[in-house]
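First comes the structure, then the notes that go with it.
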Amino acid sequence: MTFWQKTYAFLERETRSATLVRVLLSIAFVLIVWELLTATLVTNRLLLVPPQEVFEALMREVRSGAVWTNGLATCLAVGASFPVAVLVGIAGGLLLSSSRLMSLTAGPMLTALYSVPIVALAPLVIAWLGLGFASKFVLVVLIAVFPVLVTTETGLRSTDRGLIDAARSFNASKWQIFTTVTLPYALPFIVSGIRVAWARALVGIVVAEFFGSFAGFGFAILAAGQTFDTATLLAYVMLLGAMGLIGSLVFEAIERRLAPWRQE
Amino acid sequence: MTDDATLHIRGVNKTFLRTGKPSVEALRDIDLTVKDGEFVAIVGASGSGKSTLLRIIDGLMPASSGTIAVGSRAVSRPGPDRAMVFQNDSLLPWKTVIENVGYGLAIGGMARAEREAIARRFIELAGLRGFEHHYPHQLSGGMRQRVNVARALAVDPRILLLDEPFAALDAQTREIMQAELLSIWGRQKKTVVLITHQIDEAVFLSDRVVVFSARPGQIRAEIPIDLPRPRDLEVKRSLAFVQLVDEIWKLIEHEVRLGMSLAVD
């Protein structure tokens, strides 16, 4: 094998180091394209600044302490609301999967709510709850709860009949079937729902902070935009991107660990 | 539990009621006694209700009428005296071989150390030593089906129910598995009911072949298999074997063909 074939084979693998290298490669690719764009096509610095300037803006925000104030506001809001959304989503999914009648009755409504961009409710939620933590909390919960709820129910319902029959054949109780078959089978579904919910939660928090807050990444982005400070705006977008990426990688790793048999 | 593991099937009928559609009569007046330690194979065309009968015996499904008894004890739900080997391996994909083999024991409430010791014994019996900590997806189809058989045997049932256990395997693996099943049965002496599509498999393994007719499933004939035991794969080339297979094939050929033309319509 040549060097390139070996590299290619390594990159295709599902190992942690290969994943890391892939992520670094894609980041490098984006930075290069970005740098080239600012050097050639987009020379207007109001529209786009090179990565170097964004990094400097980020350092400025770190030194001034603004990044901590905003980061704390955003992380507190997400940190409080996201676990609630996950718990409520899982509980709702359990409830729906336990009763056919309930699932049939609530199903269409939930599908409708899942498809509606709940972000559109942001102005209303802020009108109800005012600017600040409460409206952010409610909005993120509303946005993040549905993917978890829907995948939990799907996961619990999609259990292989054969596995349930095998458990019943050993005289397993309903509770034993739930803990040894249905729930482990549904877990990877639930985690993939949580992964989707995480991405949606970040959108939710930014929109909530656009409309109604005095601190947070969304607030900082809006403020930078209004003063045409493109470098600072992009710096905060990068931070959000990092949060999204880290969350996604973590949940993917959990999913893989819970369902190693799906890889093959 | 009684010592007698004779399986009594008395006047079992099964009709599936379907809302908005005509009901389907799957089994009619099934009377069958499988003696303690006997190996009985049930063959029949598709739609003869063979698998339904097995599920009723296991207690996964109630009969519309009639009774199932093990020894003198009537049974209507799953119990430790019967264990089923399913057609699809139906192993828990997130559990290792040793955990899967011990699954029935865990459901029964046995402590981990004890059930792992038992599981190890049956893993060895199934020829899977060294694979205790593999996951099902790391095994071949034949190995998975061995785990499946080991899991059923581990709970030490009096009656082993096999629902087309080798149907998903390729022809060579199937032959090997049949021979291994015989050798395990020779040592364990369970009462066995085997459902199969393969007439040669039924003749090779069993003491008696019960031929079902289709729609509704009824017992059409019972053919004693008096080939000497222990049997090895050589038996399949003997004249007596071929004649038995031929005799049984003639009994169901018409219905198999009928089933095929129905499928074409």
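Note that this is a predicted model, so its numbers are computed, not measured. Convention: sequence-line order gives letters A, B, ...; per-chain numbering from 1.
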_Looking at B:Arg18, I'd like to know if its CZ atom is crowded, meaning that more than 12 non-hydrogen atoms belonging to other residues, nucleotides or ligands lie closer than 6.0 Å._
yes
_Need one label for B:Asp58: side chain, backbone, both or neither, based on atoms under 4.5 Å from any heavy atom in chain A._
side chain
*Does a sphere of radius 6.0 Å around CE in A:Met238 hold more than 12 heavy atoms from other residues, nucleotides or ligands, not counting ones at 6.0 Å or beyond?*
no
*Report yes if some heavy atom in the side chain of A:Val181 is under 4.5 Å from a heavy atom in the side chain of B:Tyr103; otherwise report no.*
yes
*In this structure, are over 12 heavy atoms from other groups packed under 6.0 Å from B:Arg129 atom CZ?*
no
*asked:* Using heavy-atom distances under 4.5 Å, tell me whether B:Tyr135 contacts chain A through its side chain, its backbone, both, or neither.
replied: neither
*Side chain, backbone, both or neither: which part of B:Arg151 has a non-hydrogen atom closer than 4.5 Å to chain A?*
both
*Which of residues 156-175 of chain A have a heavy atom under 4.5 Å from any heavy atom of chain B?*
A:Gly162, A:Leu163, A:Asp165, A:Ala166, A:Ala167, A:Arg168, A:Ser169, A:Phe170, A:Asn171, A:Ala172
*Quick one: ring pair (Phe, Tyr, Trp, His ring centres under 6.0 Å) partners of A:Phe217, sequence neighbours excluded?*
A:Tyr236
*What part of B:Leu161 is in contact with chain A, defined as an atom under 4.5 angstrom from a non-hydrogen atom: side chain, backbone, both or neither?*
neither
*asked:* Looking at A:Tyr114, I want to see if its OH is surrounded by more than 12 non-hydrogen atoms of other residues, nucleotides or ligands under 6.0 Å.
replied: yes
*asked:* Is it the case that atom NZ in B:Lys35 sees more than 12 heavy atoms from other parts of the structure closer than 6.0 Å?
replied: no
*For A:Arg22, does the CZ atom sit with more than 12 other heavy atoms under 6.0 Å from it, leaving out its own atoms?*
yes
